[in-house]
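Structure first, commentary second.
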Protein chains: 2
Amino acid sequence: MPTPSRPRGPKPIRMDPDRILDAAQEVFARDGLRAASLRAIAKQAGCDPALIYYHFDSKEAMFTALLARRFPPILQELEVVAAPEDPRSTAFRLWEVVRIYHRHLKADPGIRSLIRGEIVHGAEGLSDLIAARLRPIVMAIRSILDQGIARGDLRADLHSLLATFFLARMQLEILDLLPTVLPRLMGLPHDQAVETGLRAWFDLYWRGVARDPLAPLPPLPELAADPLAIKETRP
Amino acid sequence: MPTPSRPRGPKPIRMDPDRILDAAQEVFARDGLRAASLRAIAKQAGCDPALIYYHFDSKEAMFTALLARRFPPILQELEVVAAPEDPRSTAFRLWEVVRIYHRHLKADPGIRSLIRGEIVHGAEGLSDLIAARLRPIVMAIRSILDQGIARGDLRADLHSLLATFFLARMQLEILDLLPTVLPRLMGLPHDQAVETGLRAWFDLYWRGVARDPLAPLPPLPELAADPLAIKETRP
DNA sequence: GCTCCAATTCAACGAATGTTGAATGATGGA
DNA sequence: TCCATCATTCAACATTCGTTGAATTGGAGC
């Protein structure tokens, strides 16, 4: 009788549930959200599929844990920018929103799929959970827009909820599509596609929401610049 | 031995392959693209799953047939609007693009999913096919923007390819999301969500691309208005 | 050193999926 | 009228999926 390749029982190195979530994130990025199976995730993590059920109640609970890990840091950063006391210009703050989104979502296509709602069909409870996580994020961005209207930086007739939807949603599309589309259609290097697309988008968006669309934008920091080192330089 | 519920052999009414495509479209709309199984489509069409394999080579071939049915009419209408001789204003023509998209895609979430690329993972050949169908559509819209730049209606520094991407992509999101999101967040009636969202989006977009963003938009026809009855009324 | 618990693996289940081959009845042409 | 072809159904296949129960082992605590 051949000995099994690996005996049962605990390994010398315990499997941290976070490592399973890391593996899930990688498989989502590689195979897409719907096609990511527990077996593929287990293989990526280097463990047995059944172990995932030891650490999480179900596949859906694993999604939930992924959400719980990703969303609070985003919300925390957004709430700093959305604080009514923030003295920086509305254009600068909105660009900060873009940068925060970019920083947290660029390396995680799986969470982008979750936000986009690709998993909504057939998992209604999960959909409610995502909506609950997303709502304060939307409200933080919206409050920046409302403050901008009140300060006279933005159009008085702006529909802040729809404008929030437009800003956040287009960024998801840019992060997912432009890195594969732009290099093929233009000669653009792969790693510049997102920066180019996001700046073009923000330029268009700002003219669309600003009270004075022809006034030049303030200098905007690069996407990947250190968030703490940035101070707005008023022209 | 019990007689089978329905004997074999051809039914009195033959199954038109188009009816199978209709059923597929309905199932896509109900269950989403990925969750739509051949058995569900066959049930919707009222036939056996194996019959689908008689009319189409595979599930992917059925997608292809769906594409072949949907895209040419869209392209044909777009090319009329994109003709360089078209004398109407750039704003009016771009709104016509929005209306054409809306008219053809509003009742077919499955085709929107295909356009959005949700099926890309795991079906690379299909992805190429969609790209080939999509390219002339993108180019038609882009040529309207390029003509608008040449006529002096749009900003000279506009990136027409990215602007095309922004316009067409956001419309997909609006068609899919706003009917479920807007009624819940605002008091908006379900059937007005898309019209409200698309007008707000076009208003923002136009300010973003126009050379003179503060000039008022011309009166734009309703989304569902008869395309042939519309003549631009210059103010 | 013994015991107990936590962590891990194995094997299997039931359901769903895309697909295929054989069987069967109707239809239309010779 | 007969026969070939077309359209349809049935039953089954192999595969994959999420999930579960039992078996196994290493280490911590006494």
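Residue numbers start from 1 in every chain, and the chains themselves are labelled A, B, ... in the order their sequence lines are given, proteins ahead of strands. Every value quoted in this text rests on a predicted model; they were computed, and no experiment measured them.
Across the protein-nucleic acid pair, M15(B) atom CE and dG25(C) atom C1' stand 16 Å apart, rounded to whole Å. When rounded to the nearest whole Å, the span between CD1 of I41(A) and C1' of dT16(D) equals 14 Å. Note: CE (M62(A)) to P (dG18(D)) measures 9 Å, nearest angstrom. For the pair K43(B) NZ and dC10(D) P, the computed distance is 14 Å after rounding to whole Å. The CZ-P distance, from F63(A) to dG18(D), rounds to 9 Å in whole Å. Spacing between atom CG of L51(B) and atom P of dT20(C) amounts to 15 Å, rounded to whole angstrom units.
For D48(A), taking side-chain heavy atoms from C-beta onward, the closest of the listed nucleotides dG18(D), dC10(C), dT19(C) is dC10(C). Comparing dG21(D), dT19(D), dG18(C) by their nearest atom to the side chain of A50(A) picks out dG21(D). Side chain of Y54(A), nearest nucleotide from dG18(D), dT8(D), dA7(C): dA7(C). If you check dT19(C), dG21(D), dG18(D) against the side chain of K59(A), the one that comes closest is dG18(D). Between dT19(C), dA7(D), dT9(C), one nucleotide has an atom nearer to the side chain of P49(B) than all others, and that is dT19(C). The side chain of C47(B) lies closest to dT9(D), out of dT9(D), dT9(C), dG18(C).
The side chain of S37(A) contributes an N or O atom lying less than 4.0 Å from OP1 or OP2 of dC17(D). Look at H55(A) and you won't find any side-chain N or O under 4.0 angstrom from OP1 or OP2 of dA6(C).
Considering I111(B), I130(B), L33(B) as possible partners of F63(B), the one that fulfils the side chain to side chain contact (heavy atoms under 4.5 Å, CB included) test is L33(B).
Look at R99(B) and E96(B) and you find a salt bridge, because one of the NZ, NE, NH1 or NH2 atoms lies within 4.0 Å of a carboxylate O, short of that distance. Salt bridge annotation for R199(B)-E195(B): present, with a cationic side-chain nitrogen under 4.0 angstrom from a carboxylate oxygen.
The aromatic rings of W201(B) and Y205(B) are tilted relative to each other, their planes meeting at an angle between 30° and 60°.
Here the CG-CD1 distance, from L51(B) to I20(B), works out to 5.0 Å after rounding to the nearest 0.5 Å.
Annotation: of the two residues near DNA chain D, R39(B) and D16(B), the 5′-most nearest-nucleotide partner is D16(B).
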